[in-house]
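Here's the structure we're looking at; comments come further down.
Worth knowing before you read on, the calculation uses all heavy atoms, side chains too, and leaves out hydrogens, waters and symmetry mates. In this text the structure is predicted, and so the values were computed from the model without any measurement. For ligands, and for the atoms within them, numbers begin at 1 and follow the listed sequence.
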Amino acid sequence: MLAFIARSMAKPVRLVKPVSLVKLPGRYLAHQEGLPCLPVPPLQQTLDKYLLALKPLISQEEWSHTSELVEDFRTSGVGERLQKGLERRARKTENWLSEWWLHTAYLEYRMPVVVHSSPGVVLPKQDFVDRQGQLRFAAKLIEGVLDFKTMIDNETLPVEHLGGNQLCMNQYYQILSSCRIPGQKRDSVVNYSRASKPPTHITVVHNFQFFELDVYNSDGTPLTSDQIFTQLEKIWGTSLQTNKEPIGILTTNHRNSWAKAYNNLIKDKINKESVRTIQKSIFTVCLDAPIPRVSDDLYKSRVAAQMLHGGGSRWNSGNRWFDKTLQFIVAEDGSCGLVYEHAPAEGPPIIALVDHVVEYTKRPEMIRSPMIPLPLPKKLRFNITPEVKNDIEKAKQNLNIMVHDLDVKVFVFSVFGKNFPKSEKMSPDAFIQVALQLAYYRMYKQVCATYESASLRMFRLGRTDTIRSASIDSMNFVESMDDPSKQNQEKVDLLRKAAQAHRAYTDTAISGKAIDRHLLGLKLQAIEDLVSMPEVFMDTSYAVAMHFNLSTSQVPAKTDCVMCFGPVVPDGYGVCYNPMEDHINFSVSAFNSCAETNAARLAHYLERALCDIQQLVQHTLKSKL
Ligand code: COA
């Protein structure tokens with residue numbers, strides 16, 4: 001989902017353990033090998049589309065200047081040379097893009113993972129209101145994740161499809177037993193799921209204290225939720241004190257600062273062992289203190305903030321290890337969800353797991369296991385030296401600034417869901433994206449570069465490309481919508497044209513023919529070949545095209561939940577949505593430090609845009625009858 005561009009010019013260094021090289025089981029490998037390789041689109045095609053994509057974003061004068069640069073890039077031989085380099089790379093690798101993307105979008109990105117990279121998921125509020133309920137639910141949830149893990153381990157997860165094509169399943173093998181590790185210049189990801197002795201424990205955090213909880217019996221069977229509940233009670237009972245140093249706060253810092261603090265932290269043998277235990281664990285469960293009460297209207301937004309950053313150093317932010325790929329969060333007041341570190345996977349595999357787990361938690365208790373006494377879960381110790389304490393204090397300060405800066409609004413649009421656009425023979429995703437364009441245009445009287453993530457999982461090790469939702473067609477529609485000189489019929493025609501253009505871009509993107517990753521590849525190839533950076537990438541228009549004021553993503557789920565993430569530019573919005581049949585769950589984020597943006601305001605304009613478009617379509621239909 002994240003609209004990152006190549007920010008780093010650093011020369012590539014090999015990953016400690018590349019995510020894509022984790023040893024995978026046989027049957028899965030056969031499926032993977034049957035998938036096509038990501039193509040390198042033809043150069044001319046990308047350059048033409050790039051110029052087209054710029055049209056709604058820049059002036060005619062700027063466009064003419066950029067056209068000349070593009071023409072020069074194409075005819076001077078530089079473009080061809082870089083293109084050949086990319087094609088060579090494509091012949092030599094499983095996926096010419098995946099490692100580059102992992103590095104530039106995630107591992108070399110130096111901003112904190114909190115808010116800037118890691119998405120959160122807001123799950124429906126659970127009906128418990130006390131500790132017993134919290135621990136019962138957490139136990140069932142853990143059992144549900146282990147049930148999903150069994151499907152991954154047995155390779156019985158059904159292969160997913162998109163438009164009739166099989167999808168790459170690699171990301172499922174990256175989300176458990178993995179963790180990001182900070183590094184100077186570049187982080188790495190470790191994955192223990194295929195280690196000779198895979199981990200059998202999870203980490204549980206309560207009151208900032210971490211515990212290693214073994215979730216398998218000695219015969220390899222997973223603990224039942226009854227057993228897990230008993231273990232969680234023990235953890236709860238031994239972590240009642242709240243005066244502990246919130247060691248997890250360190251993971252919220254800027255990556256360079258955290259890398260420095262990390263090396264300092266693990267100098268101590270006990271600290272190193274504890275950190276390693278967290279990194280190796282299958283996943284983490286955060287047993288949070290209740291979040292401050294707010295009105296029903298604000299509740300979901302409050303939970304979204306809780307998932308994204310934990311509420312600050314005085315609340316639950318210390319109850320996390322943000323480098324951990326998967327952290328489920330269960331608070332005493334019934335609010336729950338998760339936060340995940342983005343490097344190993346996109347939203348959809350995480351949501352598939354969530355859907356499974358949420359259904360699992362609804363199952364009635366089947367077996368009451370014999371209560372064989374289980375060992376006390378091991379508390380992970382940390383030696384807090386004055387230096388570590390100082391690093392924690394600095395991380396707290398930075399985190400609290402980020403917490404205050406995040407403006408997030410989660411809401412349910414309940415007038416209609418996917419059903420309405422479908423009944424009008426329009427793609428629901430395109431409909432929502434066009435409405436977003438209208439909302440933004442009404443607020444700012446201009447169009448902005450807009451990113452929507454498109455899955456590249458039809459290809460081996462595929463991640464994402466960009467659907468550029470701001471097009472000439474969407475601009476024509478949004479300009480016409482409030483124009484009194486235009487007839488409704490004309491507006492509807494422009495709407496349909498904009499929606500069709502969006503759907504066509506989507507099809508182009510998911511079949512590997514979009515422009516963003518190709519342009520990134522050409523740029524990185526230039527860095528790798530050590531040729532001087534072609535002017536086309538130094539051009540202001542390129543910077544405008546890559547400045548995504550709207551960074552958006554559809555993450556559909558069966559569960560009535562929503563994913564949320566932060567904006568990718570200081571003056572932008574992050575918008576995520578889950579279109580259900582008769583309503584749509586939205587999350588909108590912005591930064592308070594930017595005077596021009598306001599999440600609730602965009603949410604309001606978005607609701608209005610959706611309703612106005614519906615009315616336009618319905619009214620025009622009626623008048624035609
Ligand atoms: N008339 C009637 N129905 C239509 C239609 C039309 N013209 N066009 C589409 N539909 C239907 C589809 O058949 C589908 O039906 P279903 O609900 O029964 O499955 C439904 O409407 C949704 O289709 P659409 O809205 O077009 O979107 P999509 O499901 O094809 O998704 C993307 C589009 C871009 C979201 C998807 O291709 C994708 O890439 N997803 C991954 C994004 C991602 O990775 N995000 C996470 C980043 S962290």
Side-chain donor/acceptor pairs under 3.5 Å, residues 322-331, sequence neighbours excluded:
{"unit_1": "Asp323", "atom_1": "OD1", "unit_2": "Arg255", "atom_2": "NH1", "d": "2.9"}
{"unit_1": "Asp323", "atom_1": "OD1", "unit_2": "Arg255", "atom_2": "NH2", "d": "3.1"}
{"unit_1": "Asp323", "atom_1": "OD2", "unit_2": "Arg255", "atom_2": "NH2", "d": "3.3"}
{"unit_1": "Asp323", "atom_1": "OD2", "unit_2": "Trp258", "atom_2": "NE1", "d": "2.7"}
{"unit_1": "Lys324", "atom_1": "NZ", "unit_2": "Ser178", "atom_2": "O", "d": "3.0"}
{"unit_1": "Lys324", "atom_1": "NZ", "unit_2": "Ile278", "atom_2": "O", "d": "3.2"}
{"unit_1": "Lys324", "atom_1": "NZ", "unit_2": "Gln279", "atom_2": "O", "d": "2.9"}
{"unit_1": "Lys324", "atom_1": "NZ", "unit_2": "Ser281", "atom_2": "O", "d": "2.6"}
{"unit_1": "Lys324", "atom_1": "NZ", "unit_2": "Ser281", "atom_2": "OG", "d": "3.4"}
{"unit_1": "Thr325", "atom_1": "OG1", "unit_2": "Ser178", "atom_2": "O", "d": "3.1"}
{"unit_1": "Thr325", "atom_1": "OG1", "unit_2": "Ser178", "atom_2": "OG", "d": "2.7"}
{"unit_1": "Gln327", "atom_1": "OE1", "unit_2": "Trp321", "atom_2": "N", "d": "2.8"}
{"unit_1": "Gln327", "atom_1": "NE2", "unit_2": "Trp321", "atom_2": "O", "d": "3.0"}

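Between Glu346 and ligand 1, no N or O atom pair is found at a separation short of 3.5 Å. For ligand 1, none of its N or O atoms has an N or O atom of Val555 under 3.5 Å away. The shortest N or O to N or O distance between Lys422 and ligand 1 is below 3.5 Å. In terms of N/O distances under 3.5 Å, ligand 1 is not approached by Glu581. Considering backbone and side-chain N/O of Arg503, one or more are found under 3.5 Å from N/O of ligand 1.
Counting atoms of ligand 1 from 1 in the listed order, those under 4.0 Å from a heavy atom of Ser455 are 38 (C), 39 (O), 41 (C). If you number the atoms of ligand 1 from 1 as listed, the ones under 4.0 Å from a heavy atom of Thr506 come out as 34 (C). Of all atoms in ligand 1, numbered sequentially from 1 with element shown, those under 4.0 Å from a heavy atom of His342 are 48 (S). The ligand atoms of ligand 1 that sit less than 4.0 angstrom from a heavy atom of Ala454 are 39 (O). When each atom of ligand 1 is checked for a heavy atom of Ser553 under 4.0 Å away, the hits are 45 (N), 46 (C), 47 (C).
Residue Ile467 places a heavy atom less than 4.0 Å from ligand 1. Look at Glu424 and you'll find every heavy atom at least 4.0 Å from all atoms of ligand 1.
Using modelled atom types, no side-chain atom of Gln174 and backbone atom of Ala345 make a donor-acceptor pair closer than 3.5 Å.
With Leu162, Asp429, Ile510 as candidates, the residue nearest to atom 25 (O) of ligand 1 on a non-hydrogen basis is Asp429. Of the options Ala499, Pro348, Pro119, the smallest heavy-atom separation from atom 43 (C) of ligand 1 is shown by Pro348.
Using a 4.0 Å cut-off between heavy atoms, Lys418 contacts ligand 1 through its side chain alone, with no backbone atom that close.
The side-chain contact (heavy atoms from CB on, under 4.5 Å) test with Ser589 is passed by exactly one of Pro567, Ser551, Ser301: Pro567.
Atom NZ of Lys300 has 12 or fewer heavy atoms from other residues, nucleotides or ligands within 6.0 Å. At most 12 heavy atoms of other shown residues, nucleotides or ligands fall within 6.0 angstrom of atom NZ in Lys497. Residue Gln45 qualifies as enclosed at atom CD: its count of foreign heavy atoms under 6.0 Å is above 12.
Side-chain contact between Leu438 and Arg608: absent, with no pair of heavy atoms (C-beta onward) separated by less than 4.5 Å. Side-chain contact check for Met580 versus Asn585: some heavy-atom pair is nearer than 4.5 Å.
Applying the salt bridge (Lys or Arg N to Asp or Glu O under 4.0 Å) test to every pair with at least one member in residues 545-561, sequence neighbours left out, gives no pairs at all.
Remark: the Asp429 side chain and the Gln433 side chain contain no N/O donor-acceptor pair separated by less than 3.5 Å.
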